[in-house]
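Atom set for the values below is all heavy atoms of this structure, side chains included, hydrogens, waters and symmetry mates excluded. Just so it is clear: chains get the letters A, B, ... in the order the sequence lines come, proteins before strands, and each one is counted from 1.
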Amino acid sequence: MFPARDYDLAATLDSGQAFRWRPDADGSWRGVVSGRWVRLRRLPNGIAAETVVAQTDWAWLKDYLQVGADLRAILRTFPDDAPLREAVRACRGLRLLRQEPWECLASFILSSNKRIAHIRQIIKTLCERFGEPVAAPAGEPPAFAFPSPERIARLGERELRACGMGFRAPYLLAAARRVTAGDPDLERLGAAELATARARLCELPGVGPKIADCVLLFAFGFARAFPMDVWVLRALRRWYFKGQRPTPARLRAFAQNHFGPHAGYAQQYLFHYIRTQPAATARADTDNAHPGHAPNS
DNA sequence: ACCCAGGCGCTTT
DNA sequence: AAAGCGCATGGG
């Protein structure tokens, strides 16, 4: 059991940062982390973890779950504005994970122009077909590790397309080959400056600013990385620029300047909050005649 | 059928 | 810098 306060497993594991967790009827979650089958369950004062093989060192899972992160201290760095206050109130216990770089990179290459439910399906098929088998408890369905870059690099585009990933197949294949060749070296990227690491990732085919920021935030822990997808853009326009027509450059500058040292965390709260809003209001980002709490600089 | 999806790459303005 | 467009696939 890991002691942890303010940790919402559902919001954290099922909100589009990781794609391999499945909920159980009793509120527990099953997944594969670092090639190990894991079941997680929320306890009053922490998180219970169950594996197949007894663990003497849980560092790999504690790091993944970031149970040592001081969420309250992070939230205190947020700017005190109405949208973030409401998002934090509505998404209590939402956390950022610390994922394995290759799995995170590959997953988000597969995410472009896809719904989260379908990203999960593509990744599930990819793991079942090409991932190493992982020991699972009796009665559980077979489990598989996420396929290594070396494994994917040996495949053909046709086998990848058969997983349902469409035009992303050549991107994933090329990225696997580059990573296998050590260009970039994912082991070293986390030690680089944010801008340098982002530029390296963007050299990969199929990786642009948004996917790079996802990897920087979810795998390398760059706290200022701020992935701007359609939902976050919608949130920014609706809650911070109501009635205005901010240019993309203006939105980027605002995001960099407004949200502080844990901007990536703020991003995840806005993302999860607007996605869990009723659809009718979540999409009301274009029809607005009433300026709200909009900043002027 | 039509529209959109945790975008990106390329072309044109 | 920014806007258009195509891209595979699947679900509402």
Side-chain angles (χ1 to χ4, degrees), chain A residues 11-21 87 91 94-97 99 103-126 129 156-176 178 198-220 222 225-238 241 244-256 263-280 282-286:
Chain A
T12 301
L13 302 177
D14 202 32
S15 65
Q17 50 177 324
F19 302 99
R20 299 202 61 199
W21 292 97
C91 309
L94 173 62
R95 302 285 192 130
L96 286 180
L97 299 167
Q99 302 179 52
E103 176 172 343
C104 186
L105 171 61
S107 295
F108 279 97
I109 286 174
L110 298 177
S111 78
S112 73
N113 208 28
K114 272 294 172 198
R115 285 173 212 262
I116 290 174
H118 192 223
I119 300 166
R120 283 196 197 98
Q121 181 53 52
I122 294 168
I123 290 172
K124 180 170 184 283
T125 303
L126 184 69
R129 294 187 182 181
E157 186 179 316
R158 195 168 171 281
E159 294 164 285
L160 292 175
R161 280 186 185 266
C163 296
M165 64 182 72
F167 63 85
R168 303 158 196 81
Y171 294 153
L172 180 62
L173 183 57
R178 290 275 300 270
R198 178 186 285 126
R200 292 287 168 273
L201 288 170
C202 286
E203 290 172 4
L204 294 169
V207 179
K210 189 271 173 183
I211 290 174
D213 277 351
C214 284
V215 178
L216 294 169
L217 182 63
F218 301 142
F220 293 115
F222 285 96
F226 194 94
M228 297 222 286
D229 76 318
V230 291
W231 289 99
V232 171
L233 286 170
R234 196 173 285 158
L236 293 180
R237 282 194 282 255
R238 178 181 173 200
F241 293 90
Q244 305 177 38
R245 287 288 170 191
T247 64
R250 177 81 187 88
L251 287 165
R252 283 196 303 273
F254 174 76
Q256 281 193 322
Y265 243 103
Q267 172 276 153
Q268 196 65 16
Y269 274 84
L270 294 174
F271 175 78
H272 193 249
Y273 182 46
I274 197 166
R275 271 175 42 85
T276 51
Q277 292 257 309
R283 294 175 185 283
D285 58 320
T286 52

C:dC5 versus B:dC4 - spacing of their P atoms, nearest Å: 14 Å
side-chain contact (heavy atoms from CB on, under 4.5 Å) involving A:D229 - partner list, sequence neighbours excluded: A:K210, A:W231, A:V232, A:F271
Rounded distance (Å) that lies between atom C1' of C:dC7 and atom CG of A:L172: 16 Å
Heavy-atom pair with the smallest gap, counting every atom of A:L96 and A:Q17: CA-OE1, 3.6 Å
Contact pattern, 5' to 3', of nucleotides 6-13 of chain B - B, S or - by protein heavy atom under 4.0 Å: BBSS----
Sugar-phosphate, base or nothing in reach of A:R161, heavy atoms under 4.0 Å: sugar-phosphate
Rounded distance in Å - CE (A:M165) to P (C:dG10): 12 Å
Contacts of A:L173 that satisfy side-chain contact (heavy atoms from CB on, under 4.5 Å) - sequence neighbours left out: A:E157, A:L160, A:R177
Distance, rounded to the nearest Å, where A:Q121 contributes CD and C:dG11 contributes P: 8 Å
Contact under 4.0 Å: A:T247 side-chain N or O vs C:dA1 OP1/OP2: no
side-chain contact (heavy atoms from CB on, under 4.5 Å) partners of A:A18, counting only residues at least two apart: A:W21, A:Y64, A:L97, A:Q99
Between P of C:dA2 and CZ of A:R250, the distance in whole Å: 12 Å
P-based separation of B:dC3 from C:dG6 [nearest Å]: 14 Å
Partners meeting side-chain contact (heavy atoms from CB on, under 4.5 Å) with A:Y273 (sequence neighbours left out): A:E86, A:A87, A:A90, A:C91, A:W239, A:Q277
Interatomic distance, A:R168 CZ vs C:dG10 P [rounded to whole Å]: 10 Å
Sugar-phosphate, base or nothing in reach of A:R252, heavy atoms under 4.0 Å: sugar-phosphate
Partners meeting salt bridge (charged side-chain N to carboxylate O under 4.0 Å, His left out) with A:R20 (sequence neighbours left out): none
